[in-house]
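Here is the structure we will look at.
Keep in mind it's a predicted model, so treat the numbers as computed, not measured.
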Amino acid sequence: MYLLYDFIFLLYALIYLPYLLLTSRGYAGYGMRFGLFSPQVKKQIKAKANIWVHAVSVGEVMVIDGFIDQLRKNYPAYQLIVTVTTKTGYTLARERLKDRALVIPSPMDLSFVAGTFVSLIGPKMYVAVETEIWPNLYRKLYLKKVPMAVINGRISDGSFGRYKAIRSLLKGILNQVQVWCMQSPGDAKRIMDLGAESSRVVVTGNVKFDSLPKPLDSSISDFIGSKDELWWVAGSTHPGEEEIVLDVYGGIIRDDPQWRLVIAPRHVERVPQIIELINRRGLKAVKYSQIQKEDPEKAVIVVDTIGQLHFLYSRAALVFVGKSLCVGGGHNIIEPAFYGKAIVIGPKFENFRDIVACFREGNAIVQVEDARAFEIAVRALCVDASKRKILGNAAKEVIISNQGATKRSLEHMAGLLK
């Protein structure tokens, strides 16, 4: 099985490399993904005994922020090695964790590469975030008797369907992990249906409820926009959603010019396309990175940098969280909720079904069925400050009542590291 998997993964890597070069998705140090380490990095890795934490992209990096602090507190004798896969996630992790962990790219899941990483890092414990299953890496860790845990585990609808097709192959891999800390009973049932033994599976809740944003830098907020402006932040948007948001916004500012739109696309490389959409509608646009130099009155702010959503949500009067009207799957709604903001989402939030259920139960979110209902909901909230305040306060209550997943996860992991 592993030889066949290696062959398929190697073919994938060979096909993917030209795409990386053409789209600039590679990054400095990308060679480490193939086990090519400089002497300096090798020396840093070998400096202390290590705990290895893997976070695939931006969302997972944001999740582990508080978890990393607790790991450092609980295991002060160990160095934390954080591996990240995507370019944006790697950049963010190096910025946010630079004084708390050594951040390196994650390994390609080829047996010889996984073996190189495991031998070099020599981890005393391995922790994956949100159900990352890597057969070769898990096997190499298991053969070296490295205890493994998964925190904030979840199985999306799409992943569950794909995994079920190879259930017979997965069972052995899943049971190489000592502890599966799953977000919800539904996620726990799915991982057990795929073959994980029930004795290894626990429900700890969602660590995202514990991932509180860092204090804001007031020097950033002072120069952005007039204090009289009301910001509508459309966060983590995907293709098709910007058009809907812009069409609604065009009607809003005709009725109330106090409102200002901020669009933060999930993928910043789409910024030029979004600016074109704005210009086509006769609106002005300004990039977030340029706003200190120029800020045309009522220009739509287009976010072209990563790691800014926490500030933008804190400044917002109204929030839309994307990948929910088009594409589907959804994104994290916990951050705007932490700031007590009124939040509107579309119908396609299947990857965060349990989180949305918590907010719906607490009357703390507005979820709409289509673009027309979206326009009606947004317009209604724009003219009703008291309704926005009620929704925001309810959202904060949901956050408070669901915290504690980090503590519970660490308690279940406590016996792994002797």
Side-chain angles (χ1 to χ4, degrees), residues 41-56 60-61 63-84 93 96-104 106-107 109 114-154 172-183 187-188 191 196-208 210-211 403-418:
V41 173
K42 285 182 179 180
K43 186 177 179 181
Q44 288 177 291
I45 291 172
K46 290 289 190 182
K48 294 175 74 174
N50 296 312
I51 294 174
W52 181 354
V53 180
H54 175 65
V56 68
E60 291 78 15
V61 170
V63 164
I64 63 169
D65 205 325
F67 178 75
I68 290 292
D69 287 339
Q70 287 302 311
L71 269 183
R72 281 164 52 86
K73 182 179 177 182
N74 289 9
Y75 305 104
Y78 293 89
Q79 174 177 239
L80 301 185
I81 306 283
V82 175
T83 54
V84 189
R96 291 181 71 120
L97 304 176
K98 61 185 175 184
D99 298 322
R100 295 177 285 160
L102 175 61
V103 178
I104 60 175
S106 65
D109 199 36
T116 299
F117 269 73
V118 173
S119 296
L120 179 62
I121 296 172
K124 302 303 180 185
M125 181 166 63
Y126 173 86
V127 184
V129 184
E130 296 199 1
T131 321
E132 287 288 309
I133 301 171
W134 300 108
N136 275 322
L137 177 58
Y138 280 23
R139 180 168 174 262
K140 295 294 184 182
L141 290 164
Y142 180 73
L143 291 173
K144 290 288 187 179
K145 299 183 179 179
V146 177
M148 290 181 270
V150 171
I151 65 162
N152 220 44
R154 68 183 179 96
I173 298 167
L174 299 182
N175 288 308
Q176 291 169 350
V177 176
Q178 278 73 22
V179 183
W180 290 91
C181 299
M182 306 304 286
Q183 293 183 19
D187 292 306
I191 201 71
E197 296 168 359
S198 59
S199 61
R200 300 171 184 267
V201 181
V202 291
V203 178
T204 51
N206 197 317
V207 173
K208 288 181 179 176
D210 300 334
S211 302
Q403 288 178 333
T406 300
K407 181 174 180 288
R408 290 188 288 272
S409 298
L410 287 165
E411 286 170 353
H412 285 288
M413 290 164 50
L416 299 184
L417 194 60
K418 297 292 193 292

remark   = Taking every heavy atom of Cys181 against every heavy atom of His412, the minimum-distance pair comes out as SG-CB, 4.3 Å
ask   = What's the spacing between Trp180 CH2 and Ile151 CD1 if we round to 0.5 Å?
value = 12.5 Å
query = Are the side chain of Asn175 and the backbone N or O of Glu197 linked by a donor-acceptor pair below 3.5 Å?
reply = yes
note = Minimal heavy-atom distance between Val84 and Ala93, with the atoms involved, is CG2-CB, 3.8 Å
key: Criterion side-chain contact (heavy atoms from CB on, under 4.5 Å) on Leu417 and Tyr75, from CA distance to verdict   = CA-CA 9 Å; Leu417 194 60; Tyr75 305 104; 3.5 Å; yes
ask   = Are more than 12 heavy atoms from other residues, nucleotides or ligands located less than 6.0 Å from atom NZ of Lys42?
value = no
remark   = Closest non-hydrogen contact found for Leu174 with Ile191 is CD1-O, 4.0 Å
Distance (rounded to the nearest 0.5 Å) between Lys73 NZ and Leu71 CG = 12.5 Å
query = Any donor and acceptor pair, going by atom type alone, linking the side chain of Gln79 with main-chain N or O of Gln44 inside 3.5 Å?
reply = yes
Pairs where residues 116-135 contributes a residue and the test salt bridge (Lys or Arg N to Asp or Glu O under 4.0 Å) is met, not counting sequence neighbours = Glu130-Arg154, Glu130-Lys208
ask   = Does Arg100 pair with Asp65 as a salt bridge, N-O distance under 4.0 Å?
value = yes
Residue from Asp69, Asp210, Thr204 passing side-chain hydrogen bond (donor to acceptor under 3.5 Å, both in side chains) with Thr406 = Asp210
ask   = Between Gln183 and Asn206, does any side-chain donor sit less than 3.5 Å from a side-chain acceptor?
value = yes
task = Given side-chain contact (heavy atoms from CB on, under 4.5 Å), test Leu80 with Leu102 step by step and report yes or no.
result = CA-CA 6 Å; Leu80 301 185; Leu102 175 61; over 6 Å; no
query = How far does OG of Ser409 sit from CD of Gln70, to the nearest 0.5 angstrom?
reply = 11.0 Å
ask   = Considering only heavy atoms from C-beta outward, does the side chain of Ile104 approach that of Ile81 to under 4.5 Å?
value = yes
key: Distance-minimising heavy-atom pair for His54 and Ser106   = CE1-CB, 3.4 Å
inquiry  = Are more than 12 heavy atoms, taken from residues, nucleotides or ligands other than Phe67, located less than 6.0 Å from that residue's CZ atom?
reply    = yes
inquiry  = Using a 3.5 Å distance criterion without hydrogens, assess whether the side chain of Asn152 forms a donor-acceptor pair with backbone atoms of Val207.
reply    = yes
note = dist Lys144:NZ -> Leu141:CG (nearest 0.5 Å) comes out at 10.5 Å
inquiry  = Is there a side-chain contact between Asn50 and Tyr78 in this structure, where contact means two heavy atoms from C-beta onward sitting under 4.5 Å apart?
reply    = no
inquiry  = Please give me the minimum heavy-atom distance between Ala101 and Val82, naming the atom from each residue.
reply    = CB-CG2, 3.7 Å
Minimum heavy-atom distance Ala114-Lys140, with the two atoms named = CB-CG, 4.0 Å
request  = Could you go through the side-chain contact (heavy atoms from CB on, under 4.5 Å) check for Met413 and Met125 one step at a time?
outcome  = CA-CA 10 Å; Met413 290 164 50; Met125 181 166 63; 3.9 Å; yes
request  = Could you tell me whether the side chain of Val150 reaches within less than 4.5 Å of the side chain of Val179, counting heavy atoms only?
outcome  = no
Whether Tyr138 and Tyr126 hold their rings parallel, tilted or perpendicular, with breakpoints at 30° and 60° = perpendicular
key: Pairwise side-chain contact, Leu97 with Ile64, heavy-atom cut-off 4.5 Å (strictly under)   = yes
message = Applying salt bridge (Lys or Arg N to Asp or Glu O under 4.0 Å), can you list everything that pairs with Arg139, at least two apart in sequence or on another chain?
response = none
task = Mark yes or no for whether Asp109, through its side chain, and Asn136, through its backbone, hold a donor-acceptor pair below 3.5 Å.
result = yes
request  = Could you please spell out the steps behind the salt bridge (charged side-chain N to carboxylate O under 4.0 Å, His left out) verdict for Arg408 and Glu411?
outcome  = CA-CA 5 Å; Arg408 290 188 288 272; Glu411 286 170 353; over 6 Å; no
ask   = Do Trp52 and Leu137 touch side chain to side chain, with heavy atoms closer than 4.5 Å?
value = yes
